[in-house]
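Below: the structure, in structure tokens.
Computed from a predicted structure; not experimentally measured. Below, each value reflects all heavy atoms present in this structure, side chains not excepted, and no hydrogens, waters or symmetry copies. Just so it is clear: chains get the letters A, B, ... in the order the sequence lines come, proteins before strands, and each one is counted from 1.
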There are 2 protein chains.
Amino acid sequence: MAFPAALHDHSACIHAALDAAEAECRRRGARLTDIRRIVLELVWESHRPVGAYALLESLGRLGRSAAPPTVYRALDFLLAHGLIHRVASRNGFIGCPHPGHAHGGQILLCAQCGMAAELDDPALDREIALSAARLGFSVSHQTIEVEGLCPTCRAQAGDTA
Amino acid sequence: MAFPAALHDHSACIHAALDAAEAECRRRGARLTDIRRIVLELVWESHRPVGAYALLESLGRLGRSAAPPTVYRALDFLLAHGLIHRVASRNGFIGCPHPGHAHGGQILLCAQCGMAAELDDPALDREIALSAARLGFSVSHQTIEVEGLCPTCRAQAGDTA
DNA sequence: TCTGTTTTGTTATGTTATAACATACCTTCC
DNA sequence: GGAAGGTATGTTATAACATAACAAAACAGA
Ligand SMILES: [Zn+2]
Ligand SMILES: [Zn+2]
Ligand SMILES: [Zn+2]
Ligand SMILES: [Zn+2]
């Protein structure tokens, strides 16, 4: 899962995500309604976490103005079916590039440009489960949010390490 | 860092935390004022994450009623000096049992009883840094919040695994 | 004591999230 | 087609979390 480059064909990202979502919903017998699809599309407008109220405004700009519960319900649906991840440290949401494929949320966040990417390292999951087990704790769900500098921003800052 | 047992001498936890905080502030030349000490004590009232507004109410009950900024300022101070950790997924705060000793936030949260404990596994930090580096990402700060069942609650649920 | 700095108080407001209930919309079975 | 039951959305209000901006007080060093 590479970090998104500053410039890339982002419409491809959106299309891929929407297609994957359709497929996943079909597979699960879940209904990807208009509102849900639109919200997912809006979440995918960038690779940065988006807040619920920003989505609300975007909806308004599309002539689909709504109240908070509408957005939160759509987000809940998308979360429940693994189509987006919640970014707790930012009160925001990002699209998941590979729904269906089981994985906990391991998210990299660039402090400079705000871009997010998934780490998705199974060794990490294992290490956490193992480490927790040593304390007698059994893991059901984990949130990993890592802040730092993305490759692009490091290069800009002259970080050659 | 063991998971706190359901029944334990919690006044000892509080005393130890307060003493450690005094020491750490002395060492740093930071002023642990009345309000800050009281808020820290209130954070330590349990091993569960506490919200800012719950602290506000507790303060009121102590006859020390205050407005939100007072509590948030105290929390900011305690965070800045590593005396508490923020639990992003719960909008809450827990006391740090070993301030001074550098460590990222690795927090275990029991879904049943709500108790929290720190994992504090350096191997985990290393694995994250390494894994991120493979994507060209340099880590500055990480939030790990793991939900699951604590030993006590597992036993209660009959989980023998 | 004076002076500058840090801390706390106070008021107002911004931001994020949910409760509760009404309405509309599909789906299935008759 | 029409009723019944479930699912989804609309709507209003409010709860929960967090900060901006400025005033007053406490503190520390000269
Ligand atoms: Zn893209
Ligand atoms: Zn970046
Ligand atoms: Zn304790
Ligand atoms: Zn428990």
Side-chain angles (χ1 to χ4, degrees), chain A residues 21-22 25-26 28-43 48-60 62-81 83-94 109 114 143 145, chain B residues 21-22 25-26 28-43 48-81 83-94 109 114 116 143 145:
Chain A
E22 296 275 10
C25 285
R26 210 161 24 239
R28 288 167 165 253
R31 288 167 55 195
L32 188 61
T33 60
D34 274 10
I35 271 285
R36 292 167 176 172
R37 188 194 339 269
I38 294 172
V39 168
L40 179 58
E41 232 173 300
L42 291 173
V43 166
R48 295 177 178 85
V50 201
Y53 281 72
L55 293 168
L56 212 51
E57 283 187 27
S58 303
L59 274 176
L62 293 181
R64 270 294 297 227
S65 66
T70 298
V71 168
Y72 278 102
R73 281 193 287 236
L75 290 170
D76 284 346
F77 172 89
L78 297 171
L79 280 172
H81 294 93
L83 305 175
I84 61 174
H85 294 290
R86 179 163 163 60
V87 184
S89 62
R90 309 289 175 103
N91 294 322
F93 304 85
I94 57 170
L109 292 160
T143 308
E145 297 176 15
Chain B
E22 296 275 10
C25 285
R26 210 162 21 238
R28 288 168 165 253
R31 287 168 54 195
L32 188 60
T33 60
D34 273 11
I35 249 319
R36 291 167 177 171
R37 189 195 338 270
I38 294 171
V39 168
L40 179 58
E41 231 173 300
L42 291 173
V43 166
R48 296 177 177 84
V50 201
Y53 279 71
L55 292 169
L56 212 51
E57 282 188 28
S58 302
L59 273 176
R61 275 194 295 276
L62 292 181
R64 192 90 200 213
S65 67
T70 298
V71 168
Y72 279 101
R73 281 193 286 237
L75 290 170
D76 284 346
F77 171 89
L78 297 171
L79 280 172
H81 294 92
L83 305 176
I84 61 175
H85 295 290
R86 178 164 164 61
V87 185
S89 61
R90 308 290 175 103
N91 293 323
F93 303 85
I94 58 169
L109 292 161
T143 307
E145 296 176 16

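- In the interface, the side chain of B:Tyr53 is paired with the base of D:dA18 through a donor and an acceptor atom under 3.5 Å apart.
- Note: CG (B:Leu32) to P (D:dC27) measures 14 Å, nearest angstrom.
- Rounding to whole angstrom units, CZ of residue A:Arg28 and P of D:dT7 are separated by 17 Å.
- Atom P of nucleotide C:dT16 and atom CD of A:Glu57 are separated by 10 Å, given to the nearest angstrom.
- Across all strands shown, A:Arg86 has heavy atoms under 4.0 Å from sugar-phosphate atoms exclusively, and none from any base.
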Under 4.0 Å protein heavy-atom contacts per nucleotide of nucleotides 4-12 of chain C, with B for base, S for backbone only and - for none: --SSBBBB-
Table please: side-chain donor-acceptor pairs of residues 86-93 of chain B below 3.5 Å, with sequence neighbours left out.
| residue | atom | partner | partner atom | Å |
| --- | --- | --- | --- | --- |
| B:Ser89 | OG | B:Glu145 | OE1 | 2.4 |
| B:Arg90 | NH2 | B:Glu147 | OE1 | 3.2 |

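- In this structure the side chain of A:Val43 never reaches within 4.5 angstrom of the side chain of A:Leu83, judged on heavy atoms.
- For the pair A:Tyr72 OH and C:dT15 P, the computed distance is 12 Å after rounding to whole Å.
- In terms of modelled atom types and a separation under 3.5 Å, the side chain of B:Arg64 and the main chain of B:Leu59 share no donor-acceptor contact.
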message: Go through it in stages, so that I can follow the logic: the residues are A:Leu32 and A:Phe77, the test is side-chain contact (heavy atoms from CB on, under 4.5 Å), and I'd like the CA-CA distance, side-chain angles, deciding distance and then a yes or no.
response: CA-CA 9 Å; A:Leu32 188 61; A:Phe77 172 89; 4.1 Å; yes
message: What verdict does the side-chain contact (heavy atoms from CB on, under 4.5 Å) test give for A:Val39 and A:Leu75, after you've listed the backbone C-alpha separation in whole Å, the side-chain angles of each residue and the deciding distance to 0.1 Å?
response: CA-CA 7 Å; A:Val39 168; A:Leu75 290 170; 4.0 Å; yes
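- Residue B:Asn91 places at least one side-chain N or O under 4.0 Å from the OP1 or OP2 atom of D:dA18.
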- prompt: What's the verdict on side-chain contact (heavy atoms from CB on, under 4.5 Å) for A:Leu42 and A:Val50, showing C-alpha distance, side-chain angles and the deciding distance?
  reply: CA-CA 9 Å; A:Leu42 291 173; A:Val50 201; over 6 Å; no
